[in-house]
Number of protein chains: 2
Amino acid sequence: MPSNSKPKHPRGNLYAADCPSRAVLDHLTSRWGSLVLVVLLERKHRFSELVRRIGGVSEKMLAQSLRALEGDGFILREVFDTKPPMVEYSLTALGKEAAAHVHALTQWVERNVSTVLQARERF
Amino acid sequence: MPSNSKPKHPRGNLYAADCPSRAVLDHLTSRWGSLVLVVLLERKHRFSELVRRIGGVSEKMLAQSLRALEGDGFILREVFDTKPPMVEYSLTALGKEAAAHVHALTQWVERNVSTVLQARERF
DNA sequence: CAGTATCCTCAATGATACTG
DNA sequence: CAGTATCATTGAGGATACTG
């Protein structure tokens with residue numbers, strides 16, 4: 001029986017303008033989203049911890065990035081009914097996989113930034 | 001002699017708001033830049049080939065993305081004085097390293113997009 | 001072919017103030 | 001603490017026309 005049936009888990013195609021994989025990649029590589037993923041790869045963090053660790057991020061943008069990543073199933077949001085209130089953000093299994101790739105890229109950038117700056121001077 | 005000298009190639013710090021590594025990461029993960037890198041990992045391409053392969057990109061944004069990546073030393077731009085004119089874009093050694101990480105991420109996204117879409121429905 | 005120049009629009013981002 | 005609401009800004013991005 002040759003496979004003329006459709007695959008159960010169709011692969012995305014980032015070259016297609018209308019493929020939803022575009023939005024997923026955008027969330028993972030967004031300005032603040034990528035940094036959030038890398039920080040959470042280390043350990044779970046509270047909202048205010050994330051604000052302090054990620055230099056320059058506003059609460060608004062952080063909350064927005066967190067919700068996008070939570071919606072995609074990359075991040076777990078746990079609310080504790082204490083006072084003052086506490087919310088902890090951590091990576092799901094899916095999020096850890098994605099974050100590992102993002103982390104590899106961010107590490108590479110941090111190691112090679114001076115090489116890039118030298119290239120810019122010659123440009 | 002303990003190292004009280006400064007490192008020759010200081011490491012970037014993406015958590016610092018003013019670190020230039022932020023801009024480098026932005027170029028590599030930008031909407032069109034990331035797709036350009038992955039396409040060029042396959043082989044060198046002409047400008048019009050890139051336009052056709054990357055669905056939805058405008059000439060303006062493609063040119064802008066290419067210049068940013070060229071400026072960072074990731075892409076080599078070769079102009080051939082023929083008629084009609086021909087310009088070929090390829091990855092530098094540095095660009096191949098960066099693109100490999102981006103490619104790993106894009107591949108992961110394409111393979112897992114359906115899982116993400118299911119997570120979104122539950123959200 | 002491989003772009004650049006110009007105009008235009010809107011969504012992303014930031015600043016500030018406020019709330020449960 | 002962990003956000004939301006509102007307003008203001010601006011830069012990304014698209015459409016169109018034009019050029020070497």
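Lettering of chains follows the sequences in order, A, B, ..., and the numbering in each one begins at 1.
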Ignoring hydrogens, what is the shortest heavy-atom contact between [X] and [Y]? Give both atom names and the distance.
X: Glu78(B); Y: Ser90(B); value: OE1-OG, 4.4 Å
X: Phe74(A); Y: Ala98(A); value: CE2-CB, 4.1 Å
X: Leu14(A); Y: Ser21(A); value: CD2-OG, 3.4 Å
X: Cys19(A); Y: Gly12(A); value: SG-CA, 3.8 Å
X: Ala17(A); Y: Arg22(A); value: CA-NH1, 3.5 Å
X: Arg120(B); Y: Ala23(A); value: NH2-CB, 4.0 Å

### Query
Where along residues 38-57 of chain A does a heavy atom come under 4.0 Å from DNA chain C, residue by residue in number order?
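Listed by number, there are none.
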### Query
Which parts of residues 73-85 of chain B get close to DNA chain C, meaning a heavy atom less than 4.0 angstrom away?
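Per residue number, the list reads Arg77(B), Pro84(B), Pro85(B).
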### Query
Can Val87(A) be reached from Phe123(B) by stepping across I, L, V, M, F, W or Y side chains whose heavy atoms are under 4.5 Å apart?
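Phe123(B) does not cluster with Val87(A).
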Side chains of [X] and [Y]: does their closest heavy-atom pair fall under 4.5 Å?
X: Trp32(B); Y: Ile54(B); value: yes
X: Ser34(B); Y: Leu25(A); value: yes
X: Arg11(B); Y: Gln107(A); value: yes

### Query
How many angstroms lie between atom CG of Leu105(A) and atom NE2 of His101(A), to the nearest 0.5 angstrom?
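Those atoms lie 11.5 Å apart.
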### Gln118(B) CD to Asp72(A) CG distance, which is reported to the nearest 0.5 Å
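The CG atom of Asp72(A) is 13.0 Å from CD of Gln118(B), to the nearest 0.5 Å.
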### Query
Is it true that Glu88(B) and Lys44(B) have a side-chain N and a carboxylate O under 4.0 angstrom from each other?
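Salt bridge between Glu88(B) and Lys44(B), a charged N being under 4.0 Å from a carboxylate O: yes.
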Given atom [atom1] of [X] and atom [atom2] of [N], what is their separation to the nearest angstrom?
X: Met61(B); N: dA11(C); atom1: CE; atom2: C1'; answer: 14 Å
X: Glu59(B); N: dT6(C); atom1: CD; atom2: P; answer: 17 Å
X: Gln64(A); N: dG14(C); atom1: CD; atom2: C1'; answer: 11 Å

### Message
Name the residue from Val39(B), Val36(B), Leu66(B) that meets the side-chain contact (heavy atoms from CB on, under 4.5 Å) definition with Tyr89(B).
### Response
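Only match with Tyr89(B) under side-chain contact (heavy atoms from CB on, under 4.5 Å): Leu66(B).
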### Query
Applying side-chain hydrogen bond (donor to acceptor under 3.5 Å, both in side chains), which residue pairs with at least one partner in residues 51-70 of chain A are found, sequence neighbours left out?
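Checked against side-chain hydrogen bond (donor to acceptor under 3.5 Å, both in side chains) - neighbours excluded - the pairs reaching residues 51-70 of chain A are Glu42(A)-Arg53(A), His45(A)-Arg53(A).
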### Query
How does DNA chain C look in dot-bracket form if you count Watson-Crick and G-U pairs under 3.5 Å, write [ ] for pairs that cross, and put | where a base pairs with another strand?
||||||||||||||||||||
### Query
Near DNA chain D, under 4.0 Å by heavy atom, which residues of residues 20-31 of chain A?
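Output list: empty, so none.
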### Query
Quick one: how far along DNA chain D does chain B reach, first to last nucleotide 5' to 3', anything under 4.0 Å to a heavy atom?
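On DNA chain D, the outermost contacted nucleotides are dG13(D) to dG20(D).
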